[in-house]
Amino acid sequence: MNKSEQLFTQAQKIIPGGVNSPVRAFNGVGGNPCFIKRAEGVYIYDADDKAYIDYVGSWGPMILGHNHPAILQAVMNTAQNGLSFGAPTELEITMAEKVRELVPSMESLRMVSSGTEATMSAIRLARGYTGRDKILKFEGCYHGHADSLLVKAGSGALTMGVPNSPGIPADFAKHTLTVSYNNLDEVKEIFAKYAEEIACIIVEPVAGNMNCIPPVAGFLEGLREVCNQYGSVLIFDEVMTGFRVALGGAQAHYNIKPDLTTLGKVIGGGMPVGAFGGKQEIMDYIAPVGPVYQAGTLSGNPIAMAAGLAALNELSQGDKHEQLSAATEKLAMGFKAAAERNGVSLSINYVGAMFGFFFTDEEQPISSYQQATECDGEKFKQFFHLMLDEGVYLAPSAFEASFLSTAHTDEIIEKTLAAADKCFAQL
Ligand SMILES: Cc1ncc(COP(=O)(O)O)c(CN[C@@H](CN)CCC(=O)O)c1O
């Protein structure tokens, strides 16, 4: 038994599944998870000191690579002044102003401690603002584990085959309508049926929780029009795409203005941070200004703000997103070429610094949940473990996206592609 295996055995005795978040348990790919003890730049190191080139990046936050000196320094400097006060601080104003500078549709915003808190708060706000109960989400999209949103959800729920989790009263779940991602006709049909009962549409503007599935042309524009027509709130869940698909997020990349945006991951620089915000008129419904209650002991925590602000300031310098997009394209095209050289049918989607690959004979890009679930999951598992043995750590599920960072240099990408060539040859 190696150290990770020993630790996993120990962990399972006291933590459900040995993990504090299901997708980490490797159930999507089989085998034991790597227990990570440290990370630096593009590398993570497991309990046996084996190094891996990391394409998970803590599921998105580590877009500048691990242990970035600017973030580490900000955390250490801020920690000297105390960890948490439960009182307002200047740092929270600076952070909010930086987020609004990068995401101008967020005229007013509130910090929370996770993406789940952000989306849970945003849909409560949409319901409070419109006085309507129903919400519309897309099958395979994952917006965290709030009750209203664990309906036909993606990510770990899909990986584990429990997209509709037990524990959510039917009387509650019935208010969550679901249709197919990238299918505007279904959206229009459901609005024709429920019209003014729908408080909001919540959507991942690039779906990253049923693998990586970009919006087809006109899809996001159509959602904007439907929400305008019926007076529903359009919520872009940019927890994953925020500051990753572009500096201003998917809304900048696709030039669509949502009414509310939710953020997480990158905004915390590796610390627990989420945020929701948008039109001033809607945000004025949030307590203590308005009647919709929302709160959090550690919301706006100074250390988390310092880490997030350092990350956003670093990301804002130079043309990092051009570099990230170019590196991601180089990797994606390299994967495709390596697969073809070895007679493997591979489809790959990528936007900004996120990507996903599918083992399928499908000629067209994978653009739906249905197509994603029909791809060869067994081959994905094989490839995942072959790459892990070669020291490349991909997302441990066929229903997750993988992520690049500014630490993924040309040399690292070449190293990854050499490993991929070797692994495709063994499939
Ligand atoms: C689009 C989107 N919206 C909300 C969330 C929830 O954020 P958290 O509550 O996990 O911070 C997420 C969380 N993403 C997963 C990975 N696909 C987090 C990993 C995990 O569950 O451990 C998300 O992708």
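Note that the structure is a prediction, hence the values are computed from the model and not measured. Order of listing sets the numbers, starting from 1, for every ligand and every atom in it. The residues of the chain are indexed from 1 along the displayed sequence. Below, each value reflects all heavy atoms present in this structure, side chains not excepted, and no hydrogens, waters or symmetry copies.
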Using heavy atoms and a strict 4.0 Å limit, residues surrounding ligand 1 turn out to be Ser21, Val23, Trp59, Ser114, Gly115, Thr116, Tyr142, His143, Gly144, Ser155, Glu204, Asn209, Asp237, Val239, Met240, Lys265, Glu400
Shortest non-hydrogen contact between Ser347 and Thr360, atoms and distance
CB-CG2, 3.6 Å
Looking only at side chains, do Thr9 and Gln6 share a donor and an acceptor under 3.5 Å apart?
no
Taking all atoms of both residues into account, what is the closest heavy-atom pair of Tyr52 and Val392, and its distance?
CD2-N, 4.3 Å
Assert yes or no for the condition that the ring centre distance of Phe335 to Phe357 is strictly below 6.0 Å.
yes
Under a 4.5 Å cut-off applied to non-hydrogen side-chain atoms, are Phe236 and Glu204 in contact?
no
Single hit among Asp46, Asp49, Asp48 for salt bridge (charged side-chain N to carboxylate O under 4.0 Å, His left out) with Lys37:
Asp49
